[in-house]
Protein chains: 2
Amino acid sequence: MPTRTGARARTTYFPRLAAERPDIALCRASTAVARAAEAAAEQHGLGVGHHLVLKMLAAVGPCSQQVLSEELRIDRSVMVGIADELEKAGYVRRERDAQDRRAYAVTITTPGRRALTRAEKGVPAFLDQTFAALDPAERDQLTALLGKLLATDSTATD
Amino acid sequence: MPTRTGARARTTYFPRLAAERPDIALCRASTAVARAAEAAAEQHGLGVGHHLVLKMLAAVGPCSQQVLSEELRIDRSVMVGIADELEKAGYVRRERDAQDRRAYAVTITTPGRRALTRAEKGVPAFLDQTFAALDPAERDQLTALLGKLLATDSTATD
DNA sequence: CGTCAATTGTTTGACAGCAGACGATCGCCA
DNA sequence: TGGCGATCGTCTGCTGTCAAACAATTGACG
């Protein structure tokens, strides 16, 4: 026992803490998950934010950056960079909205749809690996609980 | 209804996304929770990290910064600052470990215990408010699920 | 028509977090 | 004894995020 003498009692304090402070557990879990997600996403050349923007555009049609920000819970300032990069990659078009010339109408392009399809392909494997500790029923439970939590989160100030 | 014309159809896309991507739901929920926790914690002059360090010291006795880092999932670099501030506030003592002069033996002081007691007092109210969307049973479910997730997280590389 | 608050997209500055490198120290081994 | 890899605490630089300020535009109201 050269390294790690008895002093390093592997305190195992954390489980106790996690049980007592769901907020801490939530944050710690999310950082690990977020890191894994970003790594998995960038294998396709898209960050998580880019992926989500494409996904939402494909699902609901052209949007302003503002709507994208609010729905995806991504800051407006950050959305600027994401839109810039997506446009530069040719995955979206940015045109001024005719009805409201302040806003852009961000539209997904055909290459964008292809990139989205490619990125989506990796998602199930990533989820299976990241949530391997939970069986399908538990995963559904977690999703439902988080959904409840988010439905009343502080961003819903209106 | 001057503002918010009909064009803002309140897409309500997010719930669908959250149901499909538990990783995103986790991250979004955690940022909201983390912000609230930090705000609540700093009412007592302690950040969340400071609070956790005091809590762990009170629970398991003197520790090295390394052990504190690992158990609390706080980076070593960040722990330096936390320990500095706690020491300056008189809440912990930092002495060199006699057995291993590289490491500190961080010990909580009596003022530190008082500060901890004060900070702990606010926790139940904060949790009740932050997890108001969940009844006690659901809160326990969430805690259990997160515990499972964290037990096998990537930091457990050993 | 002119004014004014509100909204959209953007830029800027501040700040937290992390990776990497460093000196000091430890344990091990020749 | 001396050397060598590993560990602890620290510092530095980078990245990503957020708050605040800004110009352009809109809609409402006098």
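Order of the sequence lines sets the chain letters (A, B, ...), proteins ahead of strands, with each chain counted from 1. Just so it is clear, the structure is predicted and the values come from calculations on it, not from any experiment.
To the nearest 0.5 Å, the span separating CD1 on Ile82(A) from CG on Leu68(A) amounts to 9.0 Å. Atom CD in Gln65(B) sits 12.0 Å away from atom CG in Leu72(B) (nearest 0.5 Å).
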Given protein heavy atoms under 4.0 Å, the one-letter contact record of nucleotides 14-21 of chain D, with B base, S sugar-phosphate only and - none, is simply ---SSBB-
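The local environment of CZ in Arg94(A) is crowded, with over 12 non-hydrogen atoms from other residues, nucleotides or ligands closer than 6.0 Å.
Among dT26(D), dG9(C), dC8(D), the nucleotide with an atom closest to any side-chain atom of Gln66(A) is dG9(C).
Between Arg96(A) atom CZ and dA24(D) atom C1' there is a gap of 8 Å when expressed in whole angstrom units. If you take CE of Met79(B) and P of dC18(C), they are 11 Å apart, rounded to a whole angstrom. The interatomic distance linking Asp97(B) (CG) with dG27(C) (P) rounds to 10 Å, in whole Å. To the nearest angstrom, P of dC8(D) lies 18 Å from CD1 of Ile82(B). Atom CG of Leu72(B) is separated from atom C1' of dG17(C) by 16 Å (rounded to the nearest Å). As rounded to whole Å, 13 Å separates atom C1' of dT25(D) from atom OH of Tyr104(A). Remark: C1' of dG9(D) and CZ of Arg101(B) are 14 Å apart, rounded to the nearest angstrom.
Counting all heavy atoms, side chain and backbone alike, Thr130(A) lies closest to Ala36(A) at OG1-CB, 4.4 Å. Scanning all heavy atoms of the two residues, the minimum distance from Ala29(A) to Leu146(B) falls at CB-CD2, 4.2 Å.
Cation-pi geometry between Arg139(B) and Phe131(B) is not met: the NZ or CZ atom fails to fall both under 6.0 Å from the ring centre and inside 45° of the normal.
Using a 4.0 Å cut-off, no side-chain N or O of Gln65(A) falls inside it from OP1 or OP2 of dT8(C).
Side-chain atoms of His50(B) come within 3.5 Å of backbone atoms of Gly47(B) as a donor-acceptor pair (strictly under, hydrogens ignored). The closest donor-acceptor contact from the side chain of Thr31(A) to the backbone of Arg28(A) lies under 3.5 Å.
Ion pair Glu120(B)/Arg118(B) not flagged as a salt bridge, since none of the NZ, NE, NH1 or NH2 atoms sits closer than 4.0 Å to an Asp/Glu carboxylate oxygen. With respect to Arg76(B) and Glu70(B), no salt bridge is recorded, no charged nitrogen being found less than 4.0 Å from a carboxylate O. At a threshold of 4.0 Å, the pair Glu138(B)-Lys148(A) counts as salt-bridged, since one of the basic side-chain nitrogens sits closer than that to a carboxylate oxygen.
Relative to the axis of its first five pairs, the axis of the last five pairs of the helix from dC1(C)-dG30(D) to dA30(C)-dT1(D) sits at 10°, rounded to 10 degrees.
Applying the 3.5 Å distance criterion, the base of dT7(D) shares a donor-acceptor pair with the side chain of Arg102(B).
Of the residues in residues 87-95 of chain A, Arg94(A) come within less than 4.0 Å of DNA chain C through at least one heavy atom, sorted by number.
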